Protein chains: 2
Amino acid sequence: MNEAVVTILQGNGIQPSAQRVAVGEYVLRTEDHPSADQVWAAVRERFPMISRATVYNTLNLFVEKKLLRELILAEGRIVFDPNLGPHHHFIDEESGAILDVPWDAVSVDRVETLPGMDVREYQVVMRGRRRAH
Amino acid sequence: MNEAVVTILQGNGIQPSAQRVAVGEYVLRTEDHPSADQVWAAVRERFPMISRATVYNTLNLFVEKKLLRELILAEGRIVFDPNLGPHHHFIDEESGAILDVPWDAVSVDRVETLPGMDVREYQVVMRGRRRAH
DNA sequence: ATACAGTGTTAGACGTAGTCTAAAGCCATG
DNA sequence: CATGGCTTTAGACTACGTCTAACACTGTAT
C-alpha cells in the first residue's frame with residue numbers, strides 16, 4: 001500500500017481499505033480528467049477483482065470529502081479533477097482532451113455585480129484546437 | 001402549422017414535416033434550457049403519437065443546422081439553448097435552473113493569448129444562488 | 001477462541017438517456 | 001397509380017450510473 005495515499009485518506013476521515021487506496025493511487029495523481037469508467041478500467045489493471053460499484057462509491061466518497069472535484073463539461077459525461085485549486089478549462093475539440101488553464105492566465109471582471117445572482121464560483125470554459133507553441 | 005416556424009425551417013434547408021414543426025414550435029421559442037426528454041414530454045402534449053427517436057433526430061438536425069446550440073453544463077445532461085448569440089450561463093444550485101447572462105455583463109481578458117491553444121469560443125460558467133434584486 | 005457489530009465490498013438488477021435498425025408511411029413526380 | 005426518396009415509428013440496444021441484498025472483513029467484548 002502506498003503510504004502517502006493512506007495518509008491522505010486518513011487525514012480526511014476515510015478508512016484506507018485496499019480498494020480505496022488503489023483508486024486513490026490512480027485518481028489522486030493523474031493529470032487527466034478521467035470519467036468514472038476510465039478510473040475503473042485503470043484500477044482493474046492492478047486490482048482485477050474490484051467491482052464497479054466500489055469504484056463509483058469511492059469516487060463519490062472522495063468528492064464528498066473534497067479530495068476530488070466533479071466536472072460536467074465533457075461530452076455528456078462527468079469527469080473527475082484532482083486539481084482542487086481554482087482554474088479554468090480548455091477542451092480540445094479534436095481529441096476531447098480537457099486541459100487545466102491557470103487561474104491567472106485569463107482575467108474575468110464584474111462577476112460579483114450581476115443583478116439577482118450570488119455567484120459562489122465560476123470558471124471560463126474554452127473550446128478550440130491545441131497548437132504547437 | 002405555425003407559419004413562422006415553417007419559414008425558419010425552410011430557410012435552413014429543413015423539410016417542414018408536421019413533427020418537426022411541432023418540435024420547433026416548442027424548442028425554438030422557449031426561454032428554458034430543456035433536455036431532449038423534456039422536449040419530448042412537452043411536444044407530446046399536443047402531438048401525442050410522436051416517437052422518442054423523432055424528437056431526438058429533430059433536435060440533432062436543428063443543432064446541425066444551427067437553429068439550436070447544445071450545452072453540456074447541467075447535471076450530466078445535454079440541454080438545448082435556442083439563444084444563439086454569445087452569452088454566459090449561471091446555474092442556480094438550488095433549483096438546477098440555467099439562466100442566460102448577457103455577454104457584456106462580465107468581461108474576460110487575455111483568452112486570445114494562451115500559449116498552445118487556439119480558442120475558438122468560450123463562456124463563463126457561474127454557479128450560485130438566485131436572490132431578490 | 002467466539003460472537004457480534006459495524007463497515008466495506010460484491011455481483012447483478014435496475015433506471016435513464018441516447019442511438020440504431022428495420023419496417024412502414026407519406027408524398028411528389030412521371 | 002407506381003416509383004423512389006425522405007420521414008417516422010417501435011422497439012432493441014448500449015452506456016453510464018445507482019441501488020440492493022448478501023457476503024467478507026476487522027476489531028472489541030466476552
Side-chain angles (χ1 to χ4, degrees), chain A residues 1 5-6 9-10 12-27 32-44 46-65 67-80 96 98, chain B residues 1 5-6 9-10 12-27 32-44 46-65 67-80 96 98:
Chain A
M1 294 234 260
V5 171
V6 170
L9 298 193
Q10 285 171 334
N12 286 273
I14 298 172
Q15 283 294 332
S17 72
Q19 287 89 338
R20 287 171 177 171
V21 172
V23 171
E25 277 172 5
Y26 172 68
V27 82
D32 291 345
H33 296 76
S35 69
D37 270 21
Q38 284 169 346
V39 175
W40 187 36
V43 172
R44 257 183 312 173
R46 296 201 289 124
F47 206 134
M49 70 297 289
I50 196 170
S51 91
R52 206 151 178 271
T54 298
V55 173
Y56 277 80
N57 288 342
T58 301
L59 291 171
N60 289 337
L61 181 64
F62 284 5
V63 169
E64 188 190 315
K65 297 294 190 181
L67 292 176
L68 289 178
R69 174 196 307 204
E70 236 180 43
L71 293 181
I72 308 164
L73 25 91
E75 298 305 308
R77 359 180 291 263
I78 295 175
V79 300
F80 296 94
I98 301 170
Chain B
M1 293 234 264
V5 171
V6 170
L9 298 193
Q10 284 172 334
N12 286 273
I14 298 172
Q15 283 294 331
S17 72
Q19 287 89 337
R20 287 171 178 170
V21 172
V23 172
E25 278 172 4
Y26 172 67
V27 81
D32 291 344
H33 297 76
S35 70
D37 271 20
Q38 284 169 346
V39 174
W40 187 34
V43 172
R44 257 183 312 172
R46 295 203 289 127
F47 205 133
M49 69 297 289
I50 196 169
S51 91
R52 205 151 179 270
T54 298
V55 173
Y56 276 80
N57 288 342
T58 301
L59 290 171
N60 289 337
L61 181 64
F62 284 5
V63 169
E64 188 189 315
K65 298 294 189 181
L67 293 176
L68 288 178
R69 174 197 305 204
E70 235 179 43
L71 293 183
I72 309 164
L73 25 93
E75 297 305 308
R77 1 179 290 263
I78 295 176
V79 300
F80 296 93
I98 300 170

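Predicted, not measured: the structure shown is a model, and the values here were computed from it. Worth knowing before you read on, the calculation uses all heavy atoms, side chains too, and leaves out hydrogens, waters and symmetry mates. Below, chains carry the letters A, B, ... as their sequence lines are ordered, and counting in each starts from 1.
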Roughly how many Å is it from CG in Leu59(B) to P in dG18(C), rounded to a whole number? 10 Å
For Pro34(A) and Tyr26(A), the nearest pair of non-hydrogen atoms, with its separation, is CB-OH, 4.0 Å
May I ask you to verify if any side-chain N or O of Tyr56(B) is less than 4.0 angstrom from the OP1 or OP2 atom of dT19(C)? no
On a heavy-atom basis, which atom in Gln38(B) and which in His33(B) lie closest, and how many Å separate them? OE1-O, 4.2 Å
Atom-to-atom span, CZ of Arg52(B) to P of dT9(D) - whole angstrom: 14 Å
Please list, for nucleotides 6-8 of chain D, all pairs of protein and nucleotide N/O atoms separated by less than 3.5 Å.
{"unit_1": "dT7(D)", "atom_1": "OP1", "unit_2": "Arg20(B)", "atom_2": "NH1", "d": "2.7"}
{"unit_1": "dT8(D)", "atom_1": "OP1", "unit_2": "Ser17(B)", "atom_2": "OG", "d": "2.2"}
{"unit_1": "dT8(D)", "atom_1": "OP1", "unit_2": "Gln19(B)", "atom_2": "OE1", "d": "3.2"}
{"unit_1": "dT8(D)", "atom_1": "O3'", "unit_2": "Gln19(B)", "atom_2": "NE2", "d": "2.9"}

What integer distance in Å separates Arg44(B):CZ from dA10(D):P? 11 Å
Is there a donor-acceptor contact under 3.5 Å from the side chain of Arg20(A) to the main chain of Gln15(A)? yes
Determine the minimum heavy-atom distance between Ser51(A) and Trp40(A), stating which atoms define it. C-NE1, 3.6 Å
Atom pair OG1 (Thr54(B)) and CG (Leu61(B)), whose distance is rounded to the nearest 0.5 Å: 11.5 Å
Is there side-chain contact between Val55(A) and Leu59(A), with heavy atoms separated by less than 4.5 Å? yes
With a 4.0 Å cutoff (strictly under), does any side-chain N or O of Asn60(B) reach OP1 or OP2 of dT19(C)? yes
